[in-house]
Amino acid sequence: MSVTLDSSPVITRFAPSPTGSLHLGNARTAFFSYLWARKSGGRFILRIEDTDAERSQLRFREELMSEMRWLGLDWDEGPDIGGPSAPYSQAERGEFYRGLFAQLEAMGGAYPCYCTSEELELSRKLQRMGGKPPRYAGTCRHMTSAQLAEREARGLKPTLRFAVSSDAVIQFTDTVHGPQRFVSSDIGDFIIRREDGTAAFFFCNAVDDSGMGVTQVLRGDDHLTNTPRQLMVLDALGMRRPDYGHVGLLVGEDGAPLSKRHGSTSAQEFRARGFLPAALLNHLFHLGHASDVDSWLPAADMPAHFRPEHLGRAPARFDETQLAHWQKEGVERMSGAQITAWLGSDDSAEFVELVRHNVVLPADAAPWRAVVRGDLPPLGKDEQSVIAAAGPEFFAAAAAAFDQSSSDLKQLTKILKERTGRKGADLFMPLRVALTGQAHGPELGPLLKLMSPEKARARLESHAQNT
RNA sequence: GCUCCCUUCGUCUAGUGGCCUAGGACAUUGCCCUCUCAAGGCAAGUACACGAGUUCGAAUCUCGUAGGGAGCACCA
């Protein structure tokens, strides 16, 4: 794009509202922001947007931070560690906002509005029915000081609205979309301070980004048409505009914005299922972003390969088969000790080495654990036919051979080969199915050694009878 | 309704007028390896939403159409 994306340090931020767990879409924009800051040697700020007291919860804030730490997205300034622009929680920034509200009001850039939400709703409804965009009609903007005083005397609490100038043109260059142009007459006067005195999103989000020195704002496409409002606020206040970049939304298989009905949507859910943070990061790294490498990257190498000029405009589909690939890569790269800890079931080192290539998620180890330590589940259809094809005589011979070979698969197959004349898959497959209950799996020899001889013999024996 | 955004293989993407009979990765299929699966090696199929225009030449530029999405909240 036409924006200069040089290597001077950029300051980015992630500004979640603590009203739920860390959504994948947010995790991705946070990640990109983080990468950009790290790439340029700048700073990454975490700001909590908790002006909505009703929905904001401290536990969500903790959860958000915990998920970010899990992903390795460490911040340089934030509510827990402070920084030059503290506080980093909007609920604590009232004083800063009040000063700006006063400034805006004094210069006529904002005015109190006494309209009730019922009145506003009705007005919007009427406008919609009349085929017009639902915009604030400007009722209170034209009130005389006497009218205002009268309402104030009645004890009514006003909101504060930004006075949008008529016929202004707001232009900016979006970091990912390029040049944008909006006209102010399409925008109604919007609320910047709620009745309860707290700052509203359009306002506090913009002034905080600017006030905290953020140079690059990366956020979802859904904010693109909100940007001119924020720019007007900043311009009116004489505050520096950050560069805004809007990345395509994350969508589900059906193309609709990623939501609960698509399955797991929060970092926390993937964490709970046993996905590796590095796997999730590798996946996110390629969603709506074209890197110069398409192979596995350790998290530490990602900033160097992040290319902000290659951020995507089109919505990106979140596809779990793609994530599964990265997960495999991640598992492949773990040490035995790491896998053991990840499986969380104090398995022996031998067991872990044996099954690690057959495990994508921790739950995948359970069947193999049962093969070694527990009991076999009922056979599936394919497995049954393998057993039937081999016949009871085969297993009778196998059980007998086992008495000589014990858990030495080489010996066992050697003896069986001599006695039955079978070889290759005809020989191994029935043994595999009888011993493990499955047609696929890790190497049979070591697996056999890990189970007790009694168990192994019983499993062979159990198919020696005609059924 | 108005404003804005988006559209290349199944998926993520490369591509900014000739290097494109459109490249890569994941997935899929086949073959090799192999007791099986995985891994690895080799190979195959599959895409420029549509229609006009500009041009010697268009995935790339212009216009239109269709489809999808967002915003227009005292939610962020």
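Keep in mind that the numbers below use all heavy atoms, side chains included, and drop hydrogens, waters and symmetry copies. Note on naming: letters A, B, ... go to the chains in the order of the sequence lines (proteins, then strands), and numbering restarts at 1 for each one.
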Rounded to the nearest 0.5 Å, the OH atom of A:Tyr97 sits from the CZ atom of A:Arg193 at a distance of 14.0 Å

Mind checking if A:Arg124 touches a base, just sugar-phosphate, or nothing, with heavy atoms under 4.0 Å? sugar-phosphate

* I would like to know whether A:Glu121 and A:Lys125 meet salt bridge (charged side-chain N to carboxylate O under 4.0 Å, His left out); could you show each step before the answer? => CA-CA 6 Å; A:Glu121 209 167 305; A:Lys125 208 172 162 188; over 6 Å; no

If pairing means Watson-Crick or G-U wobble with both distances under 3.5 Å, then the partner of B:C63 is B:G51

Q.
With a cut-off of less than 4.0 Å, is there a side-chain N or O of A:Thr51 near OP1 or OP2 of B:A76?
A. yes

If pairing means Watson-Crick or G-U wobble with both distances under 3.5 Å, then the partner of B:U34 is none

If I pick the P atom on B:A22 and the same atom on B:U28, what distance separates them, to the nearest angstrom? 24 Å

Do A:His223 and A:Phe201 have ring centroids that are under 6.0 Å from one another?
-> yes

message: Categorize A:Leu444 for me: base, sugar-phosphate, or nothing, with a 4.0 angstrom heavy-atom threshold over every strand shown.
response: base

From NE2 of A:His305 across to P of B:G24 the rounded distance in Å is 20 Å

On a whole-Å scale, what distance lies between the P atoms belonging to B:C33 and B:G18? 45 Å

- Does the side chain of A:Leu376 reach to within under 4.5 Å of the side chain of A:Arg459, using non-hydrogen atoms? yes

*With rounding to whole Å, what would you report as the distance between B:C26 and B:C63 at their C1' atoms?*
37 Å

A:Arg317 CZ to B:U7 C1', in whole Å, measures 11 Å

Of the listed B:C35, B:C12, B:C6, the closest approach to the A:Glu443 side chain comes from B:C35

By the Watson-Crick or G-U definition, both distances under 3.5 Å, B:G71 is matched with B:C2

Quick note, A:Leu249 side chain, CB onward, closest among B:A70, B:A25, B:C74 is B:A70

Checklist entry - Are any of A:His289's side-chain N or O atoms less than 4.0 Å away from OP1 or OP2 of B:C12? => result no

Between A:Gly255 and A:Cys115, the residue closer to the 5' end of RNA chain B by nearest nucleotide is A:Gly255

The single option from A:Asp221, A:Leu311, A:Thr225, A:Thr175 that satisfies side chain to side chain contact (heavy atoms under 4.5 Å, CB included) with A:His246 is A:Asp221

Of the listed B:G71, B:A70, B:C26, the closest approach to the A:Pro257 side chain comes from B:A70

Of the candidates B:U7, B:A14, B:C74, the side chain of A:Ala290 sits closest to B:A14

Whole-Å distance, A:Gln438 CD to B:C35 C1', equals 15 Å

A:His262 atom NE2 is separated from B:U11 atom P, nearest whole Å, by 14 Å

Picking from B:A76, B:C6, B:A70, the nucleotide nearest the side-chain atoms of A:Asp222 would be B:A70

- Message: Looking at A:Phe394, I'd like to know if the NZ or CZ of A:Arg422 sits under 6.0 Å from its six-membered ring centre while staying within 45 degrees of the ring's axis.
- Response: yes

(request) Look at all strands and tell whether A:Thr159 reaches a base, only sugar-phosphate, or nothing, counting heavy atoms closer than 4.0 Å. (result) base

To the nearest angstrom, the NE2-C1' distance between A:His325 and B:U28 comes to 15 Å

Expressed as a whole number of Å, how far does the P atom of B:U7 sit from that of B:C50? 14 Å

Closest to the side chain of A:Arg432, out of B:C6, B:C12, B:C35, is B:C35

C1'-based separation of B:G23 from B:C61 [nearest Å]
23 Å

Contact class for A:Asp186 vs. all strands (heavy atom < 4.0 Å): base, sugar-phosphate, or nothing?
sugar-phosphate

Looking at A:Arg307, is its backbone amide N or carbonyl O close enough to the side chain of A:His289 to form a donor-acceptor pair, meaning the two atoms are under 3.5 Å apart? yes

Taking B:U13, B:C6, B:C26 as options, the one with an atom nearest any side-chain atom of A:Arg313 is B:C6

Q.
Work out how far the C1' atom of B:C20 is from that of B:U62, and round it to whole angstrom.
A. 22 Å

Whole-Å distance, A:Arg135 CZ to B:C4 C1', equals 13 Å

With the side chain defined as heavy atoms from C-beta on, A:Asp319 is closest, among B:U11, B:C35, B:C12, to B:U11

Considering only heavy side-chain atoms of A:His310, the closest of B:A14, B:C74, B:C6 is B:A14

Within the structure shown, what part of the strands sits under 4.0 Å from A:Arg229 by heavy-atom distance: base, sugar-phosphate, or nothing?
sugar-phosphate

NA contact type, A:Gly248, heavy-atom cut-off 4.0 Å: base, sugar-phosphate, or nothing? nothing

Taking the six-membered ring of A:Phe172, is NZ or CZ of A:Arg241 closer than 6.0 Å to its centre and within 45° of its axis? no

If pairing means Watson-Crick or G-U wobble with both distances under 3.5 Å, then the partner of B:C26 is B:G10

From NZ of A:Lys328 across to P of B:C37 the rounded distance in Å is 13 Å

Please report the distance separating the P of B:G30 from the corresponding atom of B:G45, rounded so that it comes out in whole Å. 15 Å

- Message: So A:Glu195, base contact, sugar-phosphate only, or nothing? Heavy-atom distance under 4.0 Å.
- Response: base

On RNA chain B, more 5' by nearest nucleotide between A:Ala439 and A:Asp221 is A:Asp221

### Task
Ignoring hydrogens and angles, answer whether the base of B:C75 and the side-chain atoms of A:Asp52 contain a donor-acceptor pair closer than 3.5 Å.
no

If you measure from the C1' atom in B:A25 to the same atom in B:A14, how many Å do you get, rounded?
11 Å

Is it true that the side chains of A:Arg219 and A:Asn205 contain a donor and an acceptor less than 3.5 Å apart?
yes

Here the distance between atom P of B:C26 and atom CH2 of A:Trp326, to the nearest Å, is 8 Å

Under 4.0 Å, heavy atoms only, any strand: does A:His223 hit a base, just the sugar-phosphate, or nothing?
base

Picking from B:A25, B:A76, B:C4, the nucleotide nearest the side-chain atoms of A:Gln180 would be B:C4

message: Classify A:Pro134 by what it touches in the nucleic acid, base, sugar-phosphate, or nothing, heavy-atom distance under 4.0 Å.
response: base

Heavy atoms under 4.0 Å, any strand shown: does A:Phe202 hit a base, just sugar-phosphate, or nothing? base

